[in-house]
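Both ligands and their constituent atoms are indexed starting at 1 by order of listing. Count residues from 1 along the sequence.
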Amino acid sequence: MSHQGADDERLQETLASIGKKFVVLSGKGGVGKSTVAVNLAAGLAHAGKKTGLLDTDLHGPSVPKMLGLESFLTSGDETHLTPAVLLDGRLKVMSVQFLLQNLHDSVIWRGPLKHAVISQFIGHTVWGELDYLIIDSPPGTGDEPLSVAQTAKPDGAIIVTTPQEVATFDVRKSIDFCTKLSLPVIGIIENMSGFCCPHCGKETAIFSSGGGKRMADELHIPFLGTIPIIPDVVRESDAGRTISGDDSPLQEAFTAILGKITG
Ligand code: ADP
């Protein structure tokens with residue numbers, strides 16, 4: 001069998017042992033897409049589901065840092081990549097960062113090579129049986145989300161936005177991308193939606209709020225929920241403690257969202 005044929009066969013075998021696959025998309029960077037991907041995966045794993053988290057951001061992978069896995073290196077051979085294992089084996093994580101020897105190496109792969117890497121990541125990672133695979137994709141509608149959509153054939157896309165980004169065309173572009181690829185949109189999450197002052201309890205809509213819901217209604221797409229600005233999120237994620245425990249600050253906001261996704 002050709003190399004390509006063997007790769008394809010391996011990919012199909014791997015996909016067959018994964019229950020549901022969701023890709024997390026956003027129109028642009030910095031809206032909290034990786035934070036959402038990590039917390040969705042952690043929430044599923046905390047709920048007892050066997051979960052995989054795949055970081056396909058080849059240029060700026062942030063998942064390893066959020067999980068304190070910057071120095072993890074994958075073992076195994078070319079076709080059997082060992083993921084990092086967290087939460088008593090319920091959460092398996094794979095990132096391009098795990099293949100790089102030097103933490104600060106930057107990745108300069110071009111389009112066709114990127115497609116091959118993403119396809120190998122999905123197919124060659126030793127995930128075992130998974131209930132869910134959450135795929136964090138780079139922002140926008142470029143090579144990586146396209147490769148993910150074509151290779152992993154996700155069951156659906158979860159789109160993350162911030163209230164002020166809703167006013168732009170970026171989210172609509174992501175939705176259009178899904179429509180063109182026949183990728184069902186599971187729904188929209190509005191992140192950084194309002195800030196509750198820890199001192200006086202007063203809520204302030206720093207970036208305004210409610211735009212995500214309005215847009216979802218307008219486009220007839222499910223609205224999955226809002227996540228407020230939580231100062232601890234930045235501190236904990238910079239310290240690699242995104243999923244330190246069930247009481248992590250975001251888990252509460254994610255419980256309702258997860259109910260809608262898995263329900
Ligand atoms: P993206 O993947 O869209 O580029 P990230 O998930 O890396 O965005 O988040 C960008 C920054 O915003 C990070 O420093 C992250 O900790 C912070 N952040 C994300 N969501 C929240 C939130 N709800 N409250 C406070 N900070 C947040």
Whether the Asn191 and Thr162 side chains hold a donor-acceptor pair (N or O, under 3.5 Å, no angle test) is what I'd like checked.
no
Does an N or O anywhere in Lys33 fall below 3.5 Å from an N or O of ligand 1?
yes
Answer yes or no: does an N/O atom from Ile227 fall short of 3.5 Å to an N/O atom of ligand 1?
no
Check whether any N or O atom of Ser34, backbone or side chain, sits under 3.5 Å from an N or O atom of ligand 1, and answer yes or no.
yes
At the 4.0 Å heavy-atom cut-off, does Pro228 count as touching ligand 1?
yes
Of the choices Leu25, Asp136, Ile230, which has the non-hydrogen atom that lies closest to atom 24 (N) of ligand 1?
Ile230
For Glu190 and Ser193, which I'm curious about, is there any donor-acceptor pair between the side chains at under 3.5 Å?
yes
Considering both backbone and side-chain atoms of Gly29, is one of its nitrogen or oxygen atoms within less than 3.5 Å of a nitrogen or oxygen in ligand 1?
no
Min over Thr35, Asn39, Thr162 of heavy-atom distance to atom 15 (C) of ligand 1 lands on Thr35
Looking only at distance, does Ile229 have an N or O less than 3.5 Å from an N or O of ligand 1?
no
So is there a nitrogen or oxygen of Lys28 less than 3.5 Å from a nitrogen or oxygen in ligand 1?
no
For ligand 1 and Gly30, I'd like to know whether there is a polar contact (N/O to N/O, distance under 3.5 Å).
yes
Should you measure from each heavy atom of Asn191, which atoms of ligand 1 turn up under 4.0 Å away?
19 (C), 20 (N), 21 (C), 22 (C), 23 (N)
Under 4.0 Å from one or more heavy atoms of Met66, ligand 1 contributes atoms 6 (O), 7 (O)
Taking atom types as modelled, find out whether Ser137 and Thr56 have a side-chain donor-acceptor pair closer than 3.5 angstrom.
no
Numbering as shown, the atoms of ligand 1 that approach Met192 to under 4.0 Å (heavy-atom distance)
12 (O), 18 (N), 19 (C), 20 (N)
